[in-house]
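Let me begin by presenting the structure, written as structure tokens, before commenting on it.
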Protein chains: 2
Amino acid sequence: MIVDERRSKILRIAEECGFVSLQRLVAEIDASESTIRRDLEYLDTIGQIQRTRGGASFIGDSLSDFDSRKSRASLEKQHIARRTADLISSGETVLLDGGTTTLEVARYLTGKSLQILTNSLPIASLLMNRPEVELIFIGGYVYPRTGVALGEQAVEAVRKMHASRLVMSTGGITAEGLFNSNALLVDTERQMIRAADRVTLVADSSKFGQRALSILCPLTDVHEIVTDDGVSDEWRSVMESAGIHMEVVETVAHAARVR
Amino acid sequence: MIVDERRSKILRIAEECGFVSLQRLVAEIDASESTIRRDLEYLDTIGQIQRTRGGASFIGDSLSDFDSRKSRASLEKQHIARRTADLISSGETVLLDGGTTTLEVARYLTGKSLQILTNSLPIASLLMNRPEVELIFIGGYVYPRTGVALGEQAVEAVRKMHASRLVMSTGGITAEGLFNSNALLVDTERQMIRAADRVTLVADSSKFGQRALSILCPLTDVHEIVTDDGVSDEWRSVMESAGIHMEVVETVAHAARVR
DNA sequence: ACATATTTTGAATGAACATGCCACAATTAA
DNA sequence: TTAATTGTGGCATGTTCATTCAAAATATGT
């Protein structure tokens, strides 16, 4: 067998699971153990694989890694996030609330020079290394799991801030207004609403009609809602009659086009 | 089974709940108890878990894959960090400065119920999911790359805080005091020193004799220094005559024992 | 085509490493 | 205290590794 042919075969096998044992390669390839060893050594020096005892692990975007990266947020949330990011233009000062959807928004904010204010640790970690964004973190008591800073300190910090836009998420929306389950969270978000000129709500269609423990704000505080096309026409007209601009992204069409 | 495969399996299991008993690992993995013990010992030396009696707790980063886990911070820093963590007892309120060594300290703070105040995004992200620590983040302008919050907001936030201990790093130490290169950083750290009852400095031995742009504080502000045994006797006596307790960890002996 | 270098390959060797087992020390619980 | 659990170190055994060497394949020069 040709040398390169054998080596690319090794790479193919290694790529499958991200790791191969030397024994498996010997079994699958018609060459002696010594030869495979030498091949592995070579592939290691040119950086294609990483040699380990008893085998080698594949370097680069292996399939399993790629899959796990893809499955982060639901498709709707990603579409909503992308549209929301499109609404934001360079030079803005954006207040970013915590939440999975807002985190997605942060992902899509590439290439725009922005000033970002946030109380979400995951968002801050994500934007930390982007030179084009000036990041200001809102400190406070960090709520476990979600990683958002809340409490009096956070409220105080927000009080001294001003932003051109707030991108926030919510627990539920009804005609009465927005809801959220956590009292501390509500306090912080209320202050955020006061600090921003324009309030953009990101919420997938399942949130409409949902209530939660504490009411956050009336609908009149919200300027626009970005949601997916699962939202009913009734809710749409309720929102629009409250003076809210509805930005609806098509998820089914998008999904069909992607596959 | 291949060595690395088994070890990464152990890490996966450990990561799930933050802690695994040795017995559970023996039950779930097809290897003898001795082997698992040795694996735990290895994973402990590379700083991914912390060995405890009857099991181990996970202290690595959740994101990285096994190969990149092998090389993290230098061994000296890990030893310094471990010793520093040992100095901290349950119930304390600890102010944690930014920096690679302090990040390592945070990793080793397992099982202690603490209140942690920090301005470092990496540290906060690490401690976010630890239910036993109450985390308070110090907000402000997030300095790129390092991910520490600085500026007037940070200084203001620290001014209102009080901690039983500050664990801080530095750019350099001479008889004149501590140095750091960044003016913003110095402002924040000065305020941190004021806010804490006891100042613990973590610094590997290469920092002694180093100067940097701005002086941070005199030696009298520091209560104890944790460093490695590369520090010369001269520096040691200089520090001790300034009333500083020197905590010196042995790195060479440790390293020799591992190999 | 032939003889001669060069490279590649496969097998063999001892060293290094990993493993499982056991005895015994240390620690914890009763 | 005793009993039970967990940790430590030694040792025999099996694997894996790096090195070496000769045979085979390939390339090169005449």
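Over its length, the helix from dA1(C)-dT30(D) to dA30(C)-dT1(D) turns its helix axis by 30°, as judged from the five terminal pairs at each end, rounded to 10°.
Remark: Ser206(B) pairs with Asp204(B) by the side chain to side chain contact (heavy atoms under 4.5 Å, CB included) rule, at least two apart or across chains.
Picking from dT8(D), dT16(D), dT9(C) the nucleotide with the shortest atom distance to the side chain of Arg53(A) gives dT16(D). With dC17(D), dG10(C), dC21(C) as the choices, the nucleotide that has an atom nearest any side-chain atom of Ser34(B) turns out to be dC21(C). Residue Arg6(B) places its side chain closer to dA18(C) than to any other of dT6(D), dG10(C), dA18(C). For Arg38(A), whose side chain is taken as the heavy atoms from C-beta onward, the closest listed nucleotide among dT6(D), dG20(C), dG10(C) is dG10(C).
Paired with Ile136(B) under the rule side-chain contact (heavy atoms from CB on, under 4.5 Å), one option of Thr93(B), Ile116(B), Leu117(B) passes, and it is Leu117(B). Checking each of Glu247(B), Glu224(B), His223(B), His245(B) against Thr200(B) for a side-chain hydrogen bond (donor to acceptor under 3.5 Å, both in side chains) leaves exactly one that passes, namely Glu224(B).
Put simply, CD on Glu33(A) is 15 Å from P on dT9(C), counting in whole angstrom units. Put simply, CZ on Arg37(A) is 16 Å from P on dA16(C), counting in whole angstrom units. Per the geometry, CD1 belonging to Ile2(B) stands 17 Å off P belonging to dC17(C), to the nearest Å. Put simply, CD1 on Ile36(A) is 10 Å from P on dT9(C), counting in whole angstrom units. Between Leu40(B) atom CG and dT19(C) atom P there is a gap of 12 Å when expressed in whole angstrom units. The interatomic distance linking Glu41(A) (CD) with dT8(C) (P) rounds to 13 Å, in whole Å. Computed from coordinates, the Leu22(A) CG to dA18(C) P distance equals 16 Å when rounded to whole Å. The nearest whole Å value for the distance from the CZ atom in Arg24(A) to the P atom in dT16(D) is 15 Å.
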Begin with the C-alpha distance, continue with both residues' side-chain angles, and end with the deciding distance and a verdict on salt bridge (Lys or Arg N to Asp or Glu O under 4.0 Å) for Asp4(B) and Arg53(A).
CA-CA 8 Å; Asp4(B) 280 3; Arg53(A) 190 177 176 86; over 6 Å; no
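For dG7(D), its base never sits under 3.5 Å from the side chain of Arg51(B) at any donor and acceptor pair.
Side chain of Ser181(B) to main chain of Gly171(B): no donor-acceptor pair is present (N/O by atom type, distance under 3.5 Å, no hydrogens or angles).
Here Thr35(A) reaches the OP1 or OP2 of dG10(C): one of its side-chain N or O atoms lies under 4.0 Å away. A sub-4.0 Å separation between OP1 or OP2 of dT5(D) and a side-chain N or O of Gln23(B) is absent.
Classification of Asp197(B) and Arg165(B) as a salt-bridged pair fails, no side-chain N sitting under 4.0 Å from a carboxylate O.
The residue Ser21(A) sits apart from the nucleic acid: no heavy atom pair falls under 4.0 Å.
No side-chain heavy atom of Glu134(B) sits under 4.5 Å from any side-chain heavy atom of Val142(A).
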